[in-house]
Structures are given as structure tokens and as C-alpha cells.
Amino acid sequence: MRFAPHTDDEIRDMLAVIGRSSVSELFDQIPASVRLERGLDIPPGVSEMELVADMRGLAAADRHVDDLVCFAGGGAYDHYVPSVVWALAGRSEFYTSYTPYQPELSQGVLQVLFEYQSMICELTGMDVSNASLYDGASALVEAVHMTLTSERMRVLVSNGVDPRALDTLRTAGRGAGYEPEVFHGAPSPTPDVAAVVVQHPNVYGILEPVRGHFAATHEAGAKAIQMFDPLSLGVLAPPGELDADIAVGEGQGLGNHLNYGGPYLGILAARMADVRKMPGRIVGETIDVDGDVGYVLTLQAREQHIRRDKANSNICTNQTLMAIAATVYLGWLGPQGLEELGRQCASKAAFTASELSKIPGVSMAFPGTRSFKEFAVRVPRSAVAVRDEMVSRGFLAGVPMPLAGDDVLVVAVTERRSRAEIERYVSAMGEVLAS
Amino acid sequence: MRFAPHTDDEIRDMLAVIGRSSVSELFDQIPASVRLERGLDIPPGVSEMELVADMRGLAAADRHVDDLVCFAGGGAYDHYVPSVVWALAGRSEFYTSYTPYQPELSQGVLQVLFEYQSMICELTGMDVSNASLYDGASALVEAVHMTLTSERMRVLVSNGVDPRALDTLRTAGRGAGYEPEVFHGAPSPTPDVAAVVVQHPNVYGILEPVRGHFAATHEAGAKAIQMFDPLSLGVLAPPGELDADIAVGEGQGLGNHLNYGGPYLGILAARMADVRKMPGRIVGETIDVDGDVGYVLTLQAREQHIRRDKANSNICTNQTLMAIAATVYLGWLGPQGLEELGRQCASKAAFTASELSKIPGVSMAFPGTRSFKEFAVRVPRSAVAVRDEMVSRGFLAGVPMPLAGDDVLVVAVTERRSRAEIERYVSAMGEVLAS
Amino acid sequence: MSEGAPIRTQGPTSVRGTIMDRSVPGRRASSLAPLDVPAVAIPDEHRRQGPPGLPQVAEIDLVRHYTRLSQMNHGVDTGPYPLGSCTMKYNPKAAETVAAMAGFQRLHPLQPDSTVQGMLELLWRLEQALCEVTGMARATLQPPAGACGEMTGLLIMRAYHGAQQDGPSTRTKVLIPDAAHGTNPASVRLAGFEAVSVPSDARGLVDVDALGPLVDEQVAGLMLTNPNTLGLFEERIEEVTSMLHDVGALVYYDGANLNAILGQCRPGDMGFDIVHINTHKTFATPHGGGGPGAGPVGVKEHLVDFLPAPIVERDDDGSFRWEHDRPRSIGRLHGFNGNMGVLVRAYAYVFLHGADGLAEVSELAALNANYMASLLAEDFPLAYPDTPPMHEFVSSADTLKRDTGVRAMDVAKRVIDLGYHPSTVYFPLVVDEAMMIEPTETESKETLDGLAAAFRRAATEARAQPDLLYQAPLTTPVRRLDEARAARHLKLRWQIESSDPSGDTPG
Amino acid sequence: MSEGAPIRTQGPTSVRGTIMDRSVPGRRASSLAPLDVPAVAIPDEHRRQGPPGLPQVAEIDLVRHYTRLSQMNHGVDTGPYPLGSCTMKYNPKAAETVAAMAGFQRLHPLQPDSTVQGMLELLWRLEQALCEVTGMARATLQPPAGACGEMTGLLIMRAYHGAQQDGPSTRTKVLIPDAAHGTNPASVRLAGFEAVSVPSDARGLVDVDALGPLVDEQVAGLMLTNPNTLGLFEERIEEVTSMLHDVGALVYYDGANLNAILGQCRPGDMGFDIVHINTHKTFATPHGGGGPGAGPVGVKEHLVDFLPAPIVERDDDGSFRWEHDRPRSIGRLHGFNGNMGVLVRAYAYVFLHGADGLAEVSELAALNANYMASLLAEDFPLAYPDTPPMHEFVSSADTLKRDTGVRAMDVAKRVIDLGYHPSTVYFPLVVDEAMMIEPTETESKETLDGLAAAFRRAATEARAQPDLLYQAPLTTPVRRLDEARAARHLKLRWQIESSDPSGDTPG
Ligand SMILES: Cc1ncc(COP(=O)(O)O)c(C=O)c1O
Ligand SMILES: Cc1ncc(COP(=O)(O)O)c(C=O)c1O
């Protein structure tokens, strides 16, 4: 299968215009010594029909979340994606466009991104948002990099932060010259600390005493970074109210499919004072020569293509299309929908937790804590084994969290889970644990 | 779930403007005696999420042609639908539009229909095409109605015509006052015959001696109507060359999904002399006040909304969207693709036939005939039973054709069927027939 | 409100030339799997000589050409579409999602019933719901559109009367109101009846006194839509239906306006014997630029035997099957069993809304129509002011025309320049300078305010600067088109010689 | 060729105001299933006080607003997109079909490996193909874009050198050509190295003589794209790579231009140790208006241990699994394992084309670029005429500017009015009035002819009517925008007070 439109005649005519006798001449610049004399060891091209058959076969070897009832979370959630989201975000004028370098030809994407930034600010209670980052983990890295100074190079991270986000931060730290330090309970920042990172709700679903942590953070003159779940903000106090300086989150749940982990949406919002430290694209409103309102990429002096090795982020391609989906999704949800969805998640998670704890041997891993849509239970066996056995019964039972013990399983419950599914899940767990 | 945007405040404001105190007042015109005093006995509305879950359950109870390997034809064929077809025909500006009554706002649909008419003319070798009819069967009815006159009310139909198309014609005849007469072998039209209908390739896949039939038809001054398969016309002589006066066909194979029988595409093409007798919408090219080329619905004086009880067709809504898909599909295929596809169907059908006939007890139902992509075999058991047993082995084995005998199965083979699938099919048939 | 030029999109300019004009010999989009069986030759006498003149283009050529054309088309997704009688309401995206499920979209029509139990259950449930909404006993889902539904209903009438007097029916006439949609008389004639027109009275309703003398033993039935084609409810409907029943005739309900009474009242309770439904109107299945539609037909108990074959039946074990053995059936009206892809969307619409939702649909449709009528009353008075409209209304530009010479069509074209799709004009034929407006329930107050402002501005301009209206539209890809020329110099297909050089426009 | 105003679409005019401006209190699009478990209260100290100011709109409001906005955006599907260095080629629709399969799209990233064998096999096959194309031993598919791929590669460099002298590396410098893309120096700095710039020679190639003195034991590596950022092939590449290897440094291949050499030559064979690939460039995965992308990184055998964890491994029984236990790995760079939805599309592109198809891609990309360069040579001479361009080229409007005062940006804006998306301008920074053009292989001859004619016409007009260029664009939804003002009066979000009355525009 080929997509180039050229006919042999056209190729001949074009060669004539450029004064070449063959297309291969165009590669004469390549020294013979490095020319690939053989064909690539890749199968010959196929028709679309054959490709689709091949890939349908691969896809059929997977068990997706419309097949396995999903109680897995850990940063990616099975929220419902309404049809309208991709009917619009999937318009080809959006998805086949590049970064809007010519604003007059890109007002569509630019305005949606402006709307995205606006909605993220409303959601988080922060002043400014950028136009997206790769995902929640990279957003954390970028947030930390906003806070580093020559005097402050220490980074304190709560033990409630997602382990993969923490690993991503560690990797970045090796380059940027810091080693994230994990704290349990409350942080005790010193004057050399750049940032304190708290995830709320945390990786076990627990609601953290964020205000206290951030008060301590600010006393030490450090920056407070909160990792949040955007779909919790209909019912939970937003980072802005909790006094976060920078709010970062994984936006997958906002109308994006699970996609086996990506493409997702990195959300980063901050205070106006830090806007020039922010990474990535930012869209601003302005006017054209006729005085009509329009949108452009702004504050580009922050970015790599201008600042080069002075830039404090290297991001170029971001996740604009996921931000477009999130914008449509948030417009679909609206304030009432956001709150209703939050209540449903919280209520269904609480119901699931109480039903599960009736199973002999099952207990809450962190009794006395409050949670949102996710919670951790101890099971009387290896959590991994339990999860694997639950697959044969048609469930993704949750996410094992070895950090807290081999017997800890973190269970997530979204608005998609009906009471009937929850009850079937609980009884299946009962059987698995009884056997 | 509701789609009306109204808020209670807006409803109040609007009622104030029209001087009503409640919405129910708007129905005061309805006599109490016929008012429905109870709610409809239909379940309460559900959210999209619930609807999708319900319908996913229903869909899961069906076995579709990506699951059962399809050798069934009989007027609907499992041709490959390339992605580009519905990526374009599925653009919302197309599918959410109505019949183009305001041409300036509908040039998109109008131009595509003009291109459709042009491609159908090229394909069939006829002069004019309309902008679509319901399906192949209704196209046959409309073609016959073009030919009826007070002197000529008899309609001769070959026994090779699809039985469902014939039934549809019979139904229409009860209203319009004719009773289709089925002929075997060659037609012998008399001066009171309006039309002779031949399907080629016929319902058993056989290539008919059309030229002879139509010569006889014309000698008697009757009109020759051919039912054709559009995807045969890359390799088979088109109706125009075969001297048909009217060509009708089922266009489903042209980029439309099987859809369990509809929506499909009724194709009707004719000679210029008969254009004013043609049913349905016809798009014509013209110019605007600036002299720019544009497209409009034309010859509307033929149609029901002008001619009312003098119109010779009552069609209003047609199958425009399917015609748009067919247009993109034919553009995708191109002349070379059409021919290659025709050769592949013919070759794969021939291969399947010869392999099948190696099974003891299986024989060709019409030895010595030539066929295109479909052929009839006799099996040593009830064709229905064989078909049903083949389902458990993962195949739609074909279409039983009781008209020709309970042991006759018509098998269709499209370009989608790989040699491997054909070989698996043949051996499964062997097992079923051996048992 | 919104004014001025419609939005300008990006990239190469307005599509010039057809896809055929883009053809380049040897270029091709398609690719097939290599032939993996022995090639066979087509017998000479059957072989095609020259290839058809289909366009030779690449996939990217197709994508750009048709993407552009789509942008040159108005749809419900791009703005309000207030065509009276057409019911262009919002088409829920959820319906597209479910219709694309392989378990519905990828079924062969001749699969064994055992392999399509989900689909058959869907059809069964939908039939039940349609019968409940209309007050009928059973329904056929086979007719692919309303006109075919009419034919189905009329043939059922014919078969019924034949059965009554076992022999061909001597009832030769079917009565239809003068304002009826064109498909009604056309269907009557094609069903072998004579169409007899029933006059409307001054209030736009069936003139019951005039109807009386027309009703006799030769009448097979009456076709009516209620609310009628003028958007007015026939309040004496029971009188009307019993007049016909008294002479043994049947009454047919044209369901094009069923959306107006969903959950408020039912044709069956008014005395109708037969009902067709336009799913693309009542249940918002996308009309696709002209079609597809679906025209299910419901009937009362005494007519069930005559419904087309096959029909879905449910067995005691809860399984479903197609019943073909229906000796008194009028037969089939579709090559297979109907526009299933459309019916799947209708199912989605019905069950998304549910009982309350459907009732709200008719309420808000009526509210929107009456609100719009009030806003326009001054400039475009109602054709029948004495009867309150239901879900749609007919205004007239007649006074405007008398005052200014500006016609309804000119108003419509100016409304286009003001950024909106206009109403239906010159239908129904019984009203001079008719402007028929059906907002539907999915338009918001502010949308109606904007739309009304456009119509009213056009009326004002008609007095001040009529040329603005005569010249309109100025902002569309093409301006007013010469329809007479189109019919005089028939150009119904592209041909080489017609190839327009600017057709080589890239992208 | 095509000229004049871009096409005008239908319905209400240009979107005015944001979706927030359409908000109506109490209006709502979403509906959820009724809560079917006991409701729990959120603890006071955690409860949100006021609701966020999200828009309150109906589904139809969303649909019309975003459909309109999409029509105000240029994409490959609406026309050519010749942005140099961005490789905007046709995105096959087939890739969208397969990416939408539930077996890929609806997988949770933390499912047990046993439940995602198809996905893992796809990733395995794709990795193999990418290694074959680049001449590398293994690759990670984790980086979500090229810049992250650069970071990955540089951290591998760091880890490698650390391992060599077991201890933190004393190599502090990374060399990059002056013309390099901004992400290169930025990544270098973030990876803890110092970026040292390598000058280009008069022919636009790395100045090998100037490079010599820069290469020493403090150098960790060199980053290079070949063809380089000017679209020119570094013919002395082997010399360059061995110079670095001689001092124990590594050589990094920035794969942004890999599409130029597919099947012709391989970075591995030129001596590169590390390669990143931009799948949204080389393999036409849709760029979505700025992203997503994917930036797989391949390495030679000696660096495999350092690749991020986890990596897909195949067991003897043919099953696949994620291997997390990689003691020498640099760790992870993504919250999960990469932009899978993008990689699925890349797989589709690679295997649709196959070996021959991929080689043809680079051939026709070069043909199109050289053809375009010839057509423009007169008006916009190549910045480096002595070296033949490969898949893209850098012209300069410098002479035009000197003659007429008209700048590259003015030309670009005029090209918009002539119906096309212009080239990249002012990149690379080393060329004055740079116009960087990458046609890609999916544009046809007639498209390039039209595009070239637009550029040439703009050049002619620059001499005759420069105002046409200064005023441009005139045909777009907005005209030239005040970027300085945007940065001065920061307005980065909608707020009530900003609500523009005309924002109430319906539909
Ligand atoms: C009143 C009325 N009856 C019948 C019809 C015909 O229905 P269809 O277009 O579905 O054939 C219409 C369609 O506009 C109509 O408005
Ligand atoms: C030469 C070069 N290197 C690196 C990059 C960065 O890649 P990405 O945008 O995928 O992060 C680009 C993107 O434009 C590029 O052109």
C-alpha cells in the first residue's frame, strides 16, 4: 500500500524539471560506504484489508475493559467517554493539524486550547494553565523544575505519591541534579528545599491533610506542588484553595480512552507570579489588525525554540488533541455533572469497600482514613495472585501495591460501575479468597 | 437523557412572550377525549452510558461477519469497506443535512450527487442516473413503472431474478395493476408487454445470454431492464453495451456496510430519452448569477411534490448518504481497482467452486454455465441444515435457494476471502457433509 | 446575534471542478491483497471492452476533495435548520456509536435467525415501543421511508377491503386534504386508488362539512396528518374518523408530525387504523442529505394479518425469529427487511428519552414553535391566526410582497447572508408566499432569538433596501443558481469535454 | 491554480466568543445513571465550597461550537502543509480504524500481561521494525515525543559514561550543530551537560575542521540529525562519528529527518550509537494540533542495558511480558509505558508500506523537495545552493527583502490569501529570512505546482504591490494578530468580565 500520488509519467516530468535522470541520483550525496545495499528486512507492504485483518487478530488476543469489568486504577481510570467527545475532537481538521505556527490558519485549535486553559483554571482554582504536557508524571517533573534554584535543590515527595510518577521524577533528577527524598507523614522542609510534593487523593486513594503539609512548606519558603485527580474536583477542595503553588494532574479521565497508558494528558496549573517559569505552550488572547479577538501562542521566550539551552523545559510536541478532548468533555460534564460524578465515584467506592470488608480475611489497609474513588485493602493472599485469578472470573480486580505489602490491592470504582457489577465483583472476590 | 437545551427560567420567559402560563396549555387544542392521561408504557429515559451498555449486550448476542467467515451473498456482499469511505461520508456536515432545498447552502451534497450520477453512468454505460433509490428491489419496481403504458401493462421477469426483488415487484403490481410473469429460458414478449426484466449475473451467479433476451425484447417494442451487480462491471460488459434501456442494481457493495439488509443503495440509470420518466431526485449542473458553476435539484416537475397524483413515483427521502459513500468508494477503487476486484472475485469463486465439487456428493447445480462471484451447488442434504451446521464451525456457508431445490446452496466469494479461508471452508463443508 | 459573512475556513480555496477533473491517468488509491488463487478469464462475449471513466486519484485527493465539499454543506451540526415539515432536530452522537457496533453494522441480512438474536430482540423492543407511542397493535419495520410507509398502508387498506367483500375492492377513492404532502396523492395513485382532495376551512383545518358529502361506500379511506400539514391540530378528529368508519372506510395517519404529540395523545386513540412513522423526523435519525430514512407502519388489530412479511415473532422460549408464513400479508416492500442501521438509531433515541423524555420532546417542540411564531408575528403573520400552532407553523410573506414586491424566496436568501438556514418556502402550496417554520425542541431560546432577528431584519431591509434581498445570497460558495437553465440545458453528468481547467485545483 | 477567498461554509457566522460565553445557568449536556448505592458525604475539611465556573451548555451547543472551530483550522486533510522539519504528510485513515479497536483503545495500562498478549506482540514487532530501519539493537517505545527521546538518549549517554569509569561521568559537554533544533540544547542542559555549538561550513554541513578541536575527553557525545536541519546530507558523517568514538564519546541521531533516508541508509551504519524517532513525522501519526507524538529511542548493543524499564521481552514459549528488572536502566520517563495509541498507528504505517514502500517514501520525498526547490529557485534561492537538498530545503527571502523590504513573514501571509498554508519561516535561525519547505511524498505534482505558483506570485507582487503582502491575510477568520500585545497584556484564560456580548451568538 502506498499513499504517494505519483505516477511514472509525473516522476519522469519532475525529474526533467530538476535535471536528474533518476530518483536514485537524489541520494548521490550519501557515501556508498553507508548506503544500504539490501532491502529492509521488513515484510512487503500489504493492502489495508490485510493490515486490518492482521491487527484485528492482535486486538482479539487482548481482553479489554468492555470485557473485563474494571476495578483497576492507579492513575488511569475507566470513566465513561461520551460519544460527543471524539465526534468532535476526532474531526480531521483538528487531528491532522500541526502546532499552530500560523495563527490565522489555526484559530480552531488555538481557541480550544484557550478554553482548555480557562477550564483547568476554573477546575483547579489556580491562575494559569499551560496547553498540556505529556502526562501526569511528566507534569510533576516539569512542576519540580519550575521550583529549583541554585540555593534550593532538594525535593521532598510524600510517600503517597504514585510510584511511577516518583520514578519518572527520579530519572529526571539524575539529569537535573537532584534526588527526590520521600517523606512519611508530614514534611519537614528546610531552607534548601525547593518543593514539597503531595498527591491528594493519594496513591492509596486516601484524602491527605494537604493544608497542613503546605503550610509547613510555605513556612520554609518552599513551593507546594499538589498532584490531583481532575474528576475529584467537583466534590473536593481544589489545589488553589489548598494553597498549592503548582497543581499537576493526569487528565486521562477527562474524555480520553485508557489507551493502555497513553496518549494521556499532563495538566499543569500555577500562580500568575510563576507564569514565566511555566513549561510548554501557552495560548493567549489578543486582537488582529482589525481589532477582532483572536488567539496566539504566547510567552514563547520561555520555550526551547527561542531560549534553547537556557530553557527550563525541552518540551515541544505536547498532547493538544487530548486537551481538546478534555475541553469537550468538561463542557459536556458542566459544573453539575462534575459534582454528581464525584459524588457517584465516592459513594460507589465506599459501598464497594464496605462490601469487600465483609469478606473474611479482607481488611482496609489504612483503617480510619477517608478516601475518594480508590481505596486499599489487605487480602489474605498475594494481591498479584488474587488479581490474576480474578481475570478468569471476568474482572480487573485492582492494582497490587507492593510498596505497602504484597497483600495490598488498590481498588478503584468509577461512575461506570453499577451496583450489580460491584456485587458480582465482591462475590467473585469472596470465592477466590475462599478457595 | 434529554437533548433539549431549555432551562426552567428560559421556559418561563418564553411562556411569558407567548402569553401562556404553562406548556401544557399549548395542547389545549387537543380534545380531552383523546388526550393520553397516563404516561407512555416505555421505560424511563437512561443516560448514554446505560444505553450503550444495553445495546452492547444486544450486539454481543449477534455473530457478525468478522466472526463468521462470510460466503453468503444473495444480493448483499461482504466486500471490503476501506476506512476512507466513512471517514468522509461520515462527516457530520453530510449526515446531518436534509434534502438540499436551499442549493447555496448544500453545494457539498449536490456536487457529490452529481459526481455519483456521473460515475454510475460511466460504470453502466447508460446516459443518466438518478441520485439514488431505496435499494435494488425498489429500483426494479421504479424501472418497471417507467415502462408501463395503457397499451403495455404486462411485465416479463426472468426466473433468474432475485426472489425478494420479484416479491417486491409483485407487491407493487397489486397497487399499480400488473402481475409480473416469470419466464424460463428466453422471453417471448408480445405487443402488450411493457418490460422484460433480466438479472445478470443472475440469482444463481450465472452469466445470462442478455444480448439475445434484449434483442427479442426490442423486437416486440418492449423495454429491456437489466438488474446488475455494480462490482461486476470492471470485467463484465455493462448494461449500456448489452442494450438495456434501464439498468438497476443494488449498490450496497459500493462502500456500504452489510447493515443486516439496510440502509442500502438503489441504483437506476437509463437512456436520455427516458429522463423525464425517471423517478427520484436528479442533480443538474448550472451556473449562478455570477456565472460560476453550481449544482441544483432539477427536472422536479417529475416528482411527487410538484406532480402529486400525476407523479409516477412517490419517492421523497432516498438513500443519499449511501450514494455519497458509493462515490467515495468508486473514487478509491478507480478503473484499475474495479477491474482487479472483479477478476479477484471471479477467480476466487471459480477456485471455491472447483474445490467444493471435489467433496463427494457435492455438484454444481447448473453445470456448463459460467458465473461471476456467486455459484449454486447441490449438497447431499438440506441446504438449510448444512448452513446451520456450518455456523458452529465459524462460517456463513451460503444462501439456501429453495426455488431451485431444498438441496441448493448459493455460495458467494468476494475479494475479502483469502485462499486459506476458502480452504478451511471447503474442509469444514467436507466434514459437515461426511457426518 | 450573528451577522456578516459565514466563517472562512482554511487552505486552498473553494472546490472547483469535480473529482473527475482531478483524475490523473495511472493514479490510484485502492490496493487489494495479491490474488492467491489461479486467475480465471471472463468469457469473451461477456467481457467488458473499455474501462469505465472513473476518476484516477490518490487517497489524499479523495480526502481533501470530500472534506472540502462537506465544509460547503449546511447540517444540523453547523446551525439551526428550521425547515417546516422536515423536523431537523439534533441527531444524538450516541446513536452513531451504537450503530457502528459490529454486532449491528456487520450482519448479513440472510444469516440464520439463531445468529442474530440480539438484533431481532432490538427490533422486537422497538416495534413494541412504536406501537405504544402510536396506539397500534403491531408494526412492520420494513418500509425504508415515509413514502414507502404510505404505500404499505394503502396496500393494507386495499387488501383489507378486498378481504371484507372477498374479491377485489370496489372502493376506488382515497380522501386527502388539499394541503397534504405530495407523497400522499402520489402514493394513493400508485396504490391504484383515485385521490380525492378535501378542502380546508378558514381556520386551516379539514372542512368537516365539506368532507361529509365526499364520504361514501366508494371511499377506501382517508389520509391525514395530525397536527396537519399546517401544524394545526384537527380538533374534530374523532368526528372525522368515525364518519369514515361509519361507511366502512379506514383512516390513515401520516406520521410526519408525530413528533408534535409524543406522549400527549395517540393516533390509535383518535380513531386512526394505520400509522406510518418517519424515524428521521420523530426520532432524529440522521437524514444524510436526503436519506436514508425509515418508515415503520403500525396497524390496529383488525389489520395485523395484512402487514408485510416477514415480521419478528417471539417464541415461548424467549427466542426471536422472522415469521415468513403470513398468508394474508400484502407481501414485501424491501429487498431485505428494512433500513436496520436507521432503526438501530431510532431505538437509541426512543430508549435514551424514555416515556418522560418523549413527552417533553413534544412539549418543547410546541413551545419553540409558538415562541418563534410570536417573535415573527408582526412581520410574517400566521397564515391561520385563529388556530394556535403546535410544533410548526406557516407564516406568509404575502403582505410583505404586496408592500415591497419582495418574495418569500428573497427573504430566505437574505436570511442565508445573515448567517442562518431559512425555513421551508412555498410549501404547503395552499398558502401564498408560505414560509413554514419548524424549530424543533433542540434549539435554544438564544438560537431562536438570533434566527427571528435575522428574519425580522430581512423584513425591515425589504422595505429600506430591497436590493439586499434580491442580490442575496452573497456569502455562499455559489450565489443564486439558474434552475431554469439547469432544466433547459440538461447537464446531469460530468463528461470529458466539460472538464473545467481550474478543476486541477490542488488540495 | 486556486486563488481568491478560501471557501465559505454554511450557517451562522464565524464563532464569536468562547464556549463559556455560551453558558446558560442550569443548562447541561451530561446525564449519568442514577446513583444505585447509598450516597456518602465528603468530609467538611475536604469538601469543595463553590462549583467551578465550567460552561453550562447542551450537547448541541458543544457540537456546533467545536464543529465550527474545527472548520476554522487548517489540517493535512484540508490542504498541503509544507512546514519544514515538521513532516506533515497524509495520515492514513486505516491507522484511525485500527487504533479505535477496543483491543487496543480500551486496555488499562496495569492489566496483567497475560491479558494483553496482542498488544505486547504489536509492540514487539514494531520495536523490531524500528531497529531494522535505524540499524539499532533494541529500542524503547516509552518516550511520548522526540524531545523526551532526546532526554532518554542523553541520560543513556550519562549512564554509559558513568559505567565506563564507574562513578559519575566527568564528561560534561555535548556538541550540537549551530543549526540544531531548540529541543537539542534544551535537552542537553536538562540532562546535566553543557551544550557546545559546532559551526556549519559554507555548504551548510558540519564544519569538520572546526569540529576537531572541540572533540576531547570532556565530550560525552554529539547530537546530529542527518540529513541535517537544513535538509542536507552530512557526507562526512563517518569521519565525524569516528572522531567522537576515538575519544570514547557517543553519537546521537536526532530522528526528525529519518523520513528522508528510509531504506536508503541507516544511522547505525553511519556510526550513530543512539537514535530517536518522531513517529508523527517519519510514520505519519496524526499530530493533533501540537501532539500527541511518540519518540521511540533505539540503541546499539553496548547501550541496551541502559534503556528505560520496562521493556517488552519474548519468552521461549512465544509469550510476551514486560521486563521490569533492569538493574542498569536509566529508569522510566513516562507514567506508564508510552503513547500506545500513537504506536499502534505507527505500526499500521510501517506494515502497510513494508520494505519497498518505506524506501519509496524517502525517494518521493526527495523528488518532491528537489522539484519544489527548482520551481522556487529563481525567486527564493536556496540558502546553501552548493549542496543538493534531500527531503526538505531552506530558501531565503533575503534578496527579496533587500530589494523590496518585504519579509519572509509577509510572503507567508500572502501565500495564505492565495489559498495555501505557508512554509516554516525564520527557522533554522542560522539563515536570514529563512523559508523552510518540506513538501513530503504525499503531495502530488499538481499540488506542488499550485503551491509554487502561489509563492512565486507573492514574490512578483512584492515588487509590484507590496501592500498586498503587508495587508495579508485578508481571507482568514482573523487577520494578522498582535503577538506583542498578547505577551504584554496577558490574557490566558476566560473570565466573566471578559465575556464578549456577541459571544451569545447562537449555533
Ligand atoms: C407530511 C409528510 N408526509 C410524508 C412525507 C414523506 O416521507 P419520506 O420523505 O420519509 O418518504 C414527508 C416528508 O417530508 C412529509 O413531510
Ligand atoms: C529536528 C528536530 N528535533 C527534535 C524535535 C522535537 O520533537 P518533538 O516535537 O516530537 O518533541 C523536532 C520537532 O519539531 C525537530 O524538528
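Being a predicted model, the structure only gives us computed values, none of them experimental. A note on names: the letters A, B, ... follow the listed sequences, proteins ahead of strands, and every chain is numbered from 1.
Heavy-atom pairs under 4.5 Å with chain A peak, among D:H280, D:K89, D:E441, D:H353, at D:H353. Note on A:S418, A:A59, A:A137, A:C121: by heavy-atom pairs under 4.5 Å with chain D, the leading option is A:A59. Residue with the most contacts toward chain D among A:D292, A:D290, A:V52: A:D290 (heavy-atom pairs, distance under 4.5 Å). Between chain D and the options A:D13, A:I18, A:L341, heavy-atom pairs under 4.5 Å are most frequent for A:I18. Residue with the most contacts toward chain D among A:P44, A:A76, A:C316, A:A4: A:A76 (heavy-atom pairs, distance under 4.5 Å). Interface remark: of the candidates A:M322, A:E339, A:R174, A:H145, A:R174 forms the most heavy-atom pairs closer than 4.5 Å to chain D. Comparing A:L88, A:T327, A:L233 by heavy-atom pairs within less than 4.5 Å of chain D, the highest count is held by A:L88.
With a threshold of 4.5 angstrom between heavy atoms, A:V296 approaches chain D through side-chain atoms but not through N, CA, C or O. Contacts of A:D28 with chain D are absent, with no heavy-atom separation under 4.5 Å from either backbone or side chain. When heavy atoms are compared at a cutoff of 4.5 Å, A:H6 approaches chain D solely by way of its side chain, counted from C-beta outward. Of the two parts of A:L15, the backbone and the side chain both hold a non-hydrogen atom closer than 4.5 Å to a non-hydrogen atom of chain D. Both the backbone and the side chain of A:S33 come within contact range of chain D, with heavy atoms under 4.5 Å apart. Both the backbone and the side chain of A:L207 come within less than 4.5 Å of a heavy atom of chain D. Heavy atoms closer than 4.5 Å to chain A are found in both the backbone and the side chain of D:R47. For A:I306, no part sits under 4.5 Å from any heavy atom of chain D, backbone or side chain. Heavy atoms of A:A60 lying under 4.5 Å from chain D are absent altogether. For A:R387, the part lying near chain D is the side chain, with the backbone staying farther off; criterion is any non-hydrogen pair under 4.5 Å. Interface residue A:D135: only side-chain heavy atoms are found under 4.5 Å from chain D. In this structure, chain D has heavy atoms under 4.5 Å from both the backbone and the side chain of A:R56. Contact of D:H334 with chain A is made through backbone and side chain together, with heavy-atom distances under 4.5 Å. In this structure, chain D has a heavy atom under 4.5 Å from the side chain of A:R91, while its backbone stays farther away.
If you check the side chains of D:T183 and D:E150, you find a donor sitting under 3.5 Å from an acceptor. A donor-acceptor contact closer than 3.5 angstrom links the side chains of A:D54 and D:Y347. Donor-acceptor pairing under 3.5 Å is lacking for the side chains of D:Q111 and A:D62. In this structure, a donor-acceptor pair under 3.5 Å is absent between the side chains of A:E285 and A:Q111.
Of all heavy-atom pairs spanning D:S30 and A:L333, the tightest one is OG-O, 3.0 Å.
Side-chain N or O atoms of A:D309 include none that pairs as donor or acceptor with a backbone N or O of D:A186 at under 3.5 Å.
For the pair D:R27 and D:D61, the salt-bridge criterion is met [side-chain N within less than 4.0 Å of a carboxylate O]. We find that A:D66 and D:R106 are joined by a salt bridge, their nearest charged nitrogen and carboxylate oxygen being less than 4.0 Å apart. Taking the charged nitrogens against the carboxylate oxygens, A:E303 and A:R281 do have a contact shorter than 4.0 Å, which makes a salt bridge. Checked for salt-bridge contact, A:E340 and D:R28 meet the test: a charged N lies under 4.0 Å from a carboxylate O.
Aromatic ring centres of A:H64 and D:F104: separated by at least 6.0 Å.
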Query raised in the report: Between A:E115 and D:T18, is a side-chain hydrogen bond (donor to acceptor under 3.5 Å, both in side chains) present by the stated rule, with each step listed?
Result: CA-CA 7 Å; A:E115 295 177 352; D:T18 64; 4.7 Å; no
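How far CD of A:E241 is from NE2 of D:H46: 12.5 Å, rounded to the nearest 0.5 Å.
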